[in-house]
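For reference, the structure is listed below as structure tokens.
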Amino acid sequence: MATATVSDTIAVEALSGGFDLYLTLESGQSYLWTRSDGEMYTDRRAPEAWYRTVVDGVPIQVRQPDGSGGDLEWQSTADADPLVRELLRLEDDLEAIAADAPDDPLVQAAYAAHDGMRLVDDPPFGTLISFICSAQMRVGRIHGMVSTLAREYGDAYALAGETVYAFPTPEQLATATEADLRDLRLGYRAPYVQRTAEMVADGEARPEDARELEYEAAREHLTRFVGVGDKVADCVLLFSLGFDEAVPLDTWIRSAIAEYYPDCDQGSYAETSRAIRERLGGRYAGYAQTYLFHHLRTGAVDA
DNA sequence: ACCCAGGATGTAA
DNA sequence: TTACATCATGGG
């Protein structure tokens, strides 16, 4: 028997700084949602399409039919209002964050060009595995890999007549062998994913443990997981553990540093990270980084 | 055919 | 500490 569907709407007009669902979920931060038309990360908006995920056993779908700034619709098997607000950080004072962004031409252009984009607050384990998979991959294929893992190893949930797959638990994912994951086209990331899932399943370490540490110590702590270096650690801190100051130094940001902030290149990751973090405003430097990343990656920057 | 994509690891200097 | 080869896969 199907579970009753609960639905409601969130008034975006009441949110400081507005909200754009498409930009938020298709800007390379989260790979834990799927789009009902199967066309995620193809650089095409689809306002009528639902974005679906499962968090702590609760399937959810959200959409924004009127586009950026329009009201947000959600459906679930329970009251998901608090969960949606948490996952999409709807309580962030985005207007204040954007106003406090560094007075820098590139950063200002990035904020202005992607109005309503918010950071996400995703579950740590799924984020950890997502960004282990992200090594030397385009965003579309990262999303494909993560979706495959959910379909192959995660629990299936029914919502409004559709099937939604949860990202696998550490225990579920740890049942996969390296060969299994290579068959799913994870390439050289297969042993990283397998061993990290095993570490978490065995209780050797959990990504959540980093929450209690100071930022740089937290980043160092996460590198204990196999396949996690400084960059992936920064992504996990920023997108799932509440470290808004984290600035992942990926290829796009590194090229931006070379071109626009050459004095911030201090050689080592740690030193360069400190310099660019300061340049991007400190406390919300990760917010600025995410706008820059999306701005540069989508080619929105005018040469 | 060549280059690149939200890099990390093992080894050698 | 830093430098370098190596690692898979698919799209341009």
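Below, chains carry the letters A, B, ... as their sequence lines are ordered, and counting in each starts from 1. Keep in mind the model is a prediction, meaning the values are calculated, not measured.
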Rounded to whole Å, how long is the line connecting atom [atom1] of [X] with atom [atom2] of [N]?
X	N	atom1	atom2	answer
A:F239	B:dG6	CZ	P	12 Å
A:R189	B:dG6	CZ	C1'	12 Å
A:K231	B:dA5	NZ	P	12 Å
A:W252	B:dG6	CH2	P	7 Å
A:D250	B:dG7	CG	C1'	10 Å
A:L296	B:dG6	CG	P	12 Å
A:R297	B:dC4	CZ	C1'	14 Å
A:E178	B:dT9	CD	C1'	14 Å

Considering only side-chain heavy atoms of [X], which listed nucleotide, [options], is closest?
X	options	answer
A:M137	B:dG7, B:dG6, C:dA8	C:dA8
A:S268	C:dT2, B:dG6, C:dC7	C:dT2
A:F293	B:dG6, C:dT9, B:dG7	B:dG6

Basic-acidic side-chain contact under 4.0 Å: A:E245, A:R277: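 Answer for the salt bridge query: no.
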Look at A:D234 together with A:K231 and state whether they make a salt bridge at an N to O cut-off of under 4.0 Å.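 Salt bridge absent between A:D234 and A:K231.
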Test item: A:D180 side-chain N/O and A:T177 main-chain N/O as donor-acceptor pair under 3.5 Å: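 Present.
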Hey, does the side chain of A:R185 come within less than 4.0 Å of C:dG10's phosphate (OP1/OP2), counting only N and O?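 Answer is yes, contact under 4.0 Å.
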Quick one: is A:Q136 getting a side-chain N or O under 4.0 Å of the B:dA5 phosphate, OP1 or OP2?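 No, outside the criterion.
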Please give the distance between the [atom1] atoms of [N] and [M] as a whole number of Å.
N	M	atom1	value
C:dA8	B:dT11	P	15 Å
B:dG6	C:dT2	P	26 Å
B:dC4	C:dC7	C1'	15 Å

Reading DNA chain B from 5' onward, which residue's closest nucleotide shows up sooner: A:V226 or A:I142?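 Looking at the nearest nucleotide for each, A:I142 comes out on the 5' side.
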Test A:R279 against every option in A:D263, A:D103, A:D104 by the salt bridge (Lys or Arg N to Asp or Glu O under 4.0 Å) rule and name the one that passes.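 Answer to the salt bridge (Lys or Arg N to Asp or Glu O under 4.0 Å) test with A:R279 among A:D263, A:D103, A:D104: A:D263.
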Which part of the nucleic acid, if any, lies within contact of [X], taking any heavy atom under 4.0 Å across all strands shown: a base, the sugar-phosphate backbone alone, or nothing?
X	answer
A:R182	sugar-phosphate
A:G28	base
A:Y269	nothing

May A:Y192 be described as stacking on the base of B:dA8, applying a 5.5 Å centroid limit and a 30° limit on plane angle?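 No.
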For the residue pair A:D71 and A:T9, confirm or rule out a side-chain donor-acceptor distance under 3.5 Å.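 No, because no side-chain N or O of A:D71 sits under 3.5 Å from a partner of the opposite role on A:T9.
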Looking at side-chain heavy atoms only, is the closest gap between A:H114 and A:T298 below 4.5 Å?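 Side-chain contact under 4.5 Å: yes.
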